[in-house]
Amino acid sequence: MFGLVDCNNFYVSCERVFNAKLEGKPVVVLSNNDGCLIARSNEAKALGLKMGDLAFEKEAFFEKNGVQVFSSNYALYGDMSDRVMKTIAQMVPGMEVYSIDEAFIDFHNMPYEDLEALAQRIRKTVKQYTGIPVSIGIAPTKTLAKVANRYAKKHLPHLGIYQIDSDHDAEKALVNTPVEDIWGVGYKYAKMLNAHHIFNALELTQAKEEWIRQKMHVVGVRMLRELQGEICYQLDNEPTPKKGICVSRSFGHSQRDVKIITEAVATFAARVGEKLRKQKSCAHIVHVFLYTNPHKDEPQYFNSKVLQLPTSTSSTIEIIRYALRGLELIFKPGFNYKKAGVMISGIVPENQVQIGLFDTHKREIDTKAMKALDELNRRMGRDTVKIAVQGFGRDWQLRQERKSRCYTTRWQELLEVEAWG
DNA sequence: TCTGGGGTCCTAGGACCC
DNA sequence: TCTGGGGTCCTAGGACCC
């Protein structure tokens with residue numbers, strides 16, 4: 001059996017932990033640059049607010065309905081996620097952290113009768129230790145555990161748990177799951193299935209495998225079999241190193257100045273370096289890209305450049321140098337730029353780097369410098385030490401007008417409590 | 001003023017190898 | 001007369017996930 005623990009309305013729940021006034025009220029969290037809705041409380045969902053709704057179009061609606069609005073605060077959500085995951089890890093034999101708010105649990109070799117009781121204990125403990133409410137689905141495959149989890153959240157909100165361990169349990173959950181809510185069915189496949197009169201997960205399980213293979217390829221066949229109770233996806237205990245790492249942002253305001261865009265690209269390259277060193281990897285392909293705003297009726301320009309490095313590296317200094325060389329090659333003056341990014345690929349473990357024959361770069365010095373830089377930034381806060389070309393300007397930064405405090409990651413922003421005696 | 005930012009896997013087709 | 005048969009690697013594009 002697999003379990004799937006999923007945090008309820010995770011970003012909203014994080015905000016509520018530190019702000020009791022939000023309890024029972026409609027709350028939404030916005031995307032970067034305060035663009036659109038990416039998380040909603042149940043009350044906000046009940047008001048008809050949808051994922052992806054544009055924030056500026058809903059201002060009056062928010063005001064009228066007392067909707068509490070927050071910019072996204074990833075320092076807070078990431079740290080709360082760590083706490084939730086660590087709490088779960090203490091209580092189960094094995095788990096796979098699947099996303100910022102979800103984890104699969106290994107219930108292998110555990111008696112079925114005990115699972116629901118264990119799941120209840122997990123829910124209670126996570127809530128007590130972190131303040132975050134979770135729902136748990138239990139089933140013979142990952143895909144069915146997802147179905148069970150959704151069923152628990154939708155139809156048994158007070159219990160918060162649903163276990164599939166008979167055909168009857170499975171059918172009850174499957175018939176209540178529209179195809180678009182199945183793990184692996186997105187917008188396109190949902191439309192296709194509906195056109196063939198398949199509307200819920202139970203109807204999908206009755207489809208012919210060859211037909212599914214033809215329409216949805218092997219991924220679809222795996223999904224079908226998982227829904228029928230046959231395991232196709234195992235639990236992945238170890239986080240696998242990423243094959244590509246990308247850091248990109250839309251700017252708070254359009255930018256025309258090459259100097260400001262240079263600072264932004266250098267900063268993205270620095271973040272790529274940090275992420276690379278964190279997973280103990282090096283890489284040798286740097287990809288830089290630059291966009292104008294496609295939603296605007298003005299001259300458009302998009303370009304990107306791929307650069308090969310002579311030797312794989314994780315040095316921020318080197319990655320920035322190549323990223324900026326790429327930027328120089330694609331930058332054209334006279335456009336209003338809205339977004340840029342740096343991607344890195346050709347990733348290898350840091351202990352398997354092939355040294356270049358004609359490489360003259362003093363690699364040991366960089367390695368030492370990066371180690372010192374990472375350690376200082378870890379202890380003193382991000383960007384305590386950075387590369388000069390990243391600059392000090394904030395011109396390109398995100399717009400985040402309604403961000404809550406970093407309650408758990410910055411001393412200056414701890415929660416304050418007033419006591420009357 | 002105004003539309004997120006990361007990732008994964010699979011397939012098809014072309015270039016190339018012997 | 002008659003046009004091989006195995007492969008690999010790379011890229012672009014399309015589907016999906018949160």
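The chains referred to below are lettered A, B, ... by the order of the sequence lines, with proteins before strands, and numbering in each begins at 1.
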Nearest-neighbour nucleotide for the [X] side chain, [options] considered:
X: A:Lys338; options: B:dG5, C:dA15, B:dT3; answer: B:dT3
X: A:Lys188; options: B:dG5, C:dA15, B:dT11; answer: C:dA15
X: A:Phe56; options: C:dC17, B:dC10, B:dC2; answer: B:dC2
X: A:Arg399; options: B:dC9, B:dT3, B:dG4; answer: B:dT3
X: A:Tyr189; options: C:dC17, B:dG5, C:dC16; answer: C:dC16
X: A:Cys246; options: C:dC18, B:dG6, B:dG4; answer: B:dG6

By the 4.0 Å heavy-atom rule, please label [X] as base, sugar-phosphate, or nothing.
X: A:Glu57; value: nothing
X: A:Asp34; value: nothing
X: A:Tyr74; value: base
X: A:Gly52; value: nothing
X: A:Ile245; value: sugar-phosphate
X: A:Leu37; value: nothing

A:Glu263 bridged to A:Lys259 by N-O distance under 4.0 Å: yes
At less than 4.0 Å, is any side-chain N or O atom of [X] found next to OP1 or OP2 of [N]? Yes or no.
X: A:Lys58; N: B:dT3; value: no
X: A:Lys242; N: B:dT8; value: no
X: A:Lys243; N: B:dC9; value: yes
X: A:Ser248; N: B:dG4; value: no
X: A:Lys296; N: B:dC2; value: yes
X: A:Ser250; N: B:dG5; value: yes
X: A:Arg222; N: B:dC9; value: no

Inter-nucleotide P distance (C:dC18, B:dC2), Å rounded: 30 Å
Would you measure the distance from the P atom in C:dT3 across to the matching atom in B:dC17 and give it in whole Å? 24 Å
Value in whole Å for how far the P atom of B:dG6 lies from NZ of A:Lys278: 14 Å
Using atom CD of A:Gln400 as one end and atom C1' of B:dG4 as the other, report the distance to the nearest whole Å. 12 Å
Could you tell me if A:Ser315 and A:Asp366 have a donor-acceptor pair between their side chains, going purely by distance under 3.5 Å? yes
When you check the side-chain N and O atoms of A:Asp79 and A:Thr408, is any donor under 3.5 Å from an acceptor? yes
Please indicate whether A:Glu298 has more than 12 foreign heavy atoms, meaning atoms of other residues, nucleotides or ligands, lying under 6.0 Å from its CD. yes
Verify the neighbour count for atom CD of A:Glu328: are there more than 12 heavy atoms of other residues, nucleotides or ligands below 6.0 Å? no
Counting C-beta onward and ignoring hydrogens, is there a side-chain heavy-atom pair between A:Trp183 and A:Lys142 closer than 4.5 Å? yes
Ranking A:Val219 and A:Ile38 by the position along DNA chain B of their nearest nucleotide, the one closer to 5' is A:Ile38
Taking for A:His217 and for A:Tyr11 the nucleotide of DNA chain B with the nearest heavy atom, the one nearer the 5' end belongs to A:Tyr11
